[in-house]
Amino acid sequence: MFTKVLIANRGEIALRVIRACRELGVATVAVYSEADRESLHVRFADDDVCIGPAPARDSYLRIPRLIAAAEITGADAIHPGYGFLAENAEFAETCAASGITFIGPTPHQIRTMGDKSAARAAMIANGVPVVPGSPGPVESVDEALEWAEKMGFPVIIKASAGGGGKGMRVARDVDDLAKSFQVARAEALSAFGNGSVYVEKYLQRPRHVEFQILGDTHGTVIHLGERDCSVQRRHQKLVEESPCPVMTPDLRARMGEAAVKGAKAIDYVGAGTVEMLLDEDGAFYFMEMNTRIQVEHPVTEMITGVDLVKEQLRVAAGEKLSISETPAMRGHVIECRVNAEDPARNFQPSPGRIDVFHMPGGNGVRVDTHAYAGYHVPPYYDSMIAKLIVHGHDRAEALAKMRLALDTFIIQGVTTTIPFLGKLMDHPKFVSGDVHTKFLEQEGADLFL
Ligand code: ADP
């Protein structure tokens with residue numbers, strides 16, 4: 001095992017990794033920007049290093065500063081968390097070149113899955129179903145049109161380098177296509193410095209169902225069941241749950257097998273997630289693989305009892321996974337992301353000082369947060385301030401627990417999405433589990449007020 005791990009991240013995930021390290025007897029190093037001086041991850045780590053000014057490009061994204069911080073503090077491994085440099089192959093390479101273990105997959109695995117069109121090709125070659133579409137990038141509107149006509153409208157133009165919902169545009173008809181193509185391409189170029197795009201059939205009412213994967217360097221690759229992340233706004237997840245409300249043992253076996261096949265195609269090592277779309281007719285398709293720990297990982301932790309971050313540390317240290325097959329899933333888990341945002345104002349961020357902070361608790365309630373009374377939510381980063389996760393014997397009990405937990409989660413000083421989430425837990429469609437990725441946009445207008 002490592003002696004000291006540097007966490008190249010901030011917020012709740014930095015705390016999450018510190019806890020896992022502590023439990024394993026591993027020392028920790030926090031890095032922080034000038035805006036995060038008062039953060040809990042700085043206080044709870046054994047060592048800390050300021051790596052620059054507030055903007056992420058001057059601090060959390062500066063590879064040389066992170067490597068220097070690791071060298072100065074004698075860290076022998078770096079955990080990247082999620083976001084920032086977590087899926088940056090160059091960072092993984094630089095760590096290796098500096099004699100520091102990157103806690104994650106190999107640069108090659110990150111690269112293959114980071115390029116959506118390359119990932120699609122790898123899946124096709126290994127017999128994993130992908131959304132019908134162009135086998136590789138398309139170079140012109142005419143080429144996109146050829147594919148669109150072959151599959152039928154609507155289609156979605158996607159950036160090969162895409163992520164975080166950027167560089168995606170839907171085209172409903174021929175007229176739309178030219179515009180969507182240009183916009184997707186321009187957005188991809190400015191967000192990722194790579195204008196490569198491809199075309200996919202656009203599914204009308206799919207569910208987003210993803211499988212948690214763990215792989216080690218001893219040849220084991222397993223899945224740990226699914227998470228349904230269909231409640232989204234602008235392709236960003238707001239609520240996740242497990243099991244998926246429409247899952248059956250047979251469907252889980254088939255989707256899980258496809259997910260493992262996809263991960264095995266690149267000999268995946270570490271924690272990763274295979275994201276799939278489950279169509280209304282029961283067909284499912286590989287969408288992408290995220291090569292990192294995800295925001296919603298506690299859902300899987302609570303339903304399986306497996307500590308995913310500790311598994312990441314074990315695997316990176318060359319040890320075997322603590323489990324060799326898919327663990328049992330017990331009960332039902334729901335996670336809500338609490339953001340400092342104003343739903344009535346188009347989810348505009350609401351940074352500022354948190355004056356009152358009271359967390360819910362009780363049997364089967366978990367809160368992952370870096371916030372506290374007196375904490376200033378900085379305007380520079382993601383606006384998520386807490387994750388609230390509840391575990392019930394069944395979905396009805398989990399829903400009841402979530403309603404109560406949201407009711408007793410008191411945050412004053414900044415506007416949060418808690419009231420919105422509370423209303424969502426009472427929405428008839430959500431209560432019956434009858435949702436799809438466009439549910440909020442099409443039927444959730446009342447919830448935002
Ligand atoms: P990102 O990497 O930016 O998160 P994804 O490829 O994971 O992008 O897609 C994010 C979301 O976009 C999905 O969860 C789904 O809601 C929607 N989406 C992506 N591809 C399709 C498609 N072919 N049909 C319908 N919805 C899609």
Side-chain angles (χ1 to χ4, degrees), residues 82-83 86-88 110-124 128-135 137-138 144 147-148 150-172 176-177 180 183-185 187-188 190-192 194 196-211 226-241 244 255 259 262 272-281 283-292 294-296 337 382 384 435-444:
Y82 52 69
E87 289 172 290
N88 185 310
I110 297 174
R111 258 194 203 108
T112 307
M113 289 304 182
D115 184 307
K116 291 189 188 192
S117 126
R120 262 173 80 80
M123 293 306 118
I124 295 168
V128 179
V130 300
V131 186
S134 60
V138 290
W147 284 107
K150 218 174 272 176
M151 298 175 297
F153 282 97
V155 297
I156 183 165
I157 317 278
K158 281 186 165 183
S160 301
K166 288 204 192 84
M168 280 193 287
R169 278 292 178 286
V170 178
R172 306 245 159 233
D176 251 8
L177 190 74
S180 296
V183 173
R185 189 161 217 159
E187 201 171 295
S190 83
F192 313 110
N194 172 355
S196 161
V197 296
Y198 63 100
V199 188
E200 252 178 38
K201 171 93 189 137
Y202 185 68
L203 309 179
Q204 302 279 4
R205 292 163 61 93
R207 301 184 80 108
H208 173 120
V209 179
E210 57 183 36
F211 277 73
E226 80 281 2
R227 296 182 290 254
D228 187 316
C229 313
S230 300
V231 178
Q232 309 179 343
R233 183 183 162 271
R234 299 197 175 156
H235 306 307
Q236 304 269 12
K237 300 161 188 168
L238 298 178
V239 175
E240 300 96 353
E241 67 181 300
C244 162
M255 290 184 84
T273 297
V274 173
E275 297 192 332
M276 294 191 258
L277 288 176
L278 175 60
D279 207 357
E280 289 165 279
D281 62 4
F284 59 85
Y285 309 99
F286 170 91
M287 190 165 43
E288 67 167 339
M289 181 167 190
N290 292 314
T291 53
R292 53 168 156 82
Q294 282 193 277
V295 172
E296 61 273 24
R337 300 189 187 196
D382 191 87
M384 191 177 78
V435 296
H436 53 88
T437 56
K438 301 295 164 309
F439 155 72
L440 267 191
E441 272 137 67
Q442 290 173 5
E443 302 174 63

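Hydrogens, waters and symmetry mates are skipped; everything else that's a heavy atom, side chains included, is used. Start at 1 and go down the list; that is how both ligands and their atoms are numbered. Bear in mind the structure is a predicted one, so any value in this text is a computation, not a measurement. In this chain, numbering begins with 1 at the start of the sequence shown.
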Visitor: Roughly how far, to the nearest 0.5 Å, is CD1 of I157 from CG of L177?
Guide: 5.0 Å

Visitor: Apply side chain to side chain contact (heavy atoms under 4.5 Å, CB included) to V197 and R169, showing your working.
Guide: CA-CA 10 Å; V197 296; R169 278 292 178 286; over 6 Å; no

Visitor: Looking only at heavy atoms, which two atoms of R207 and C244 are closest? And how far apart?
Guide: NE-SG, 4.0 Å

Visitor: Is there a heavy atom of K158 sitting under 4.0 angstrom from any atom of ligand 1?
Guide: yes

Visitor: Considering the heavy atoms of I156, write down every atom of ligand 1 situated less than 4.0 Å from one of them.
Guide: 22 (C), 23 (N)

Visitor: Among all protein heavy atoms, pick out the one at the shortest distance from atom 24 (N) of ligand 1; state its residue, atom name and that distance to 0.1 Å.
Guide: L203 N, 3.0 Å

Visitor: Of E288, K201, H235, which has the heavy atom at the shortest distance from atom 17 (C) of ligand 1?
Guide: H235

Visitor: Let me confirm one number: the OG1-CD distance from T291 to E87, rounded to the nearest 0.5 Å.
Guide: 4.0 Å

Visitor: Can you report which non-hydrogen protein atom sits closest to atom 26 (N) of ligand 1, along with the distance?
Guide: Y202 CE1, 3.6 Å

Visitor: Apply side chain to side chain contact (heavy atoms under 4.5 Å, CB included) to the pair M123 and M113, showing each step before the final yes or no.
Guide: CA-CA 10 Å; M123 293 306 118; M113 289 304 182; 3.2 Å; yes

Visitor: Going through the checks in order, is the side chain to side chain contact (heavy atoms under 4.5 Å, CB included) test met by M168 and E200?
Guide: CA-CA 10 Å; M168 280 193 287; E200 252 178 38; over 6 Å; no

Visitor: State the OH-CD distance between Y82 and E296, to the nearest 0.5 angstrom.
Guide: 9.5 Å

Visitor: Which atoms of ligand 1 are found less than 4.0 Å from any heavy atom of H208?
Guide: 14 (O)

Visitor: Against heavy atoms of T437, which atoms of ligand 1 measure under 4.0 Å?
Guide: 16 (O)

Visitor: For atom 10 (C) of ligand 1, what is the closest protein heavy atom, and at what distance to 0.1 Å?
Guide: M168 CE, 3.9 Å

Visitor: Tell me the protein heavy atom at minimum distance from atom 3 (O) of ligand 1, and give that distance in Å.
Guide: G165 N, 2.4 Å

Visitor: Let me confirm one number: the OG1-CE distance from T112 to M289, rounded to the nearest 0.5 Å.
Guide: 11.0 Å

Visitor: Tell me: protein heavy atom nearest atom 15 (C) of ligand 1, and distance?
Guide: Q232 OE1, 3.9 Å

Visitor: Numbering the atoms of ligand 1 from 1, which are under 4.0 Å from a heavy atom of E275?
Guide: 7 (O)

Visitor: Is the closest N or O pair between K116 and ligand 1 shorter than 3.5 Å?
Guide: yes

Visitor: Please determine if R227 and E240 form a salt bridge, counting it only when a charged side-chain N lies under 4.0 Å from a carboxylate O.
Guide: no

Visitor: Quick one: does K237 get a heavy atom under 4.0 Å from ligand 1?
Guide: no

Visitor: Just going by heavy-atom distances, which of D279, V130, L277 is nearest to atom 21 (C) of ligand 1?
Guide: L277

Visitor: So, E210 and T273: side-chain donor and acceptor under 3.5 Å apart, yes or no?
Guide: no

Visitor: Please work out which of M289, E200, M287 has its closest non-hydrogen atom nearest to atom 18 (N) of ligand 1.
Guide: M287

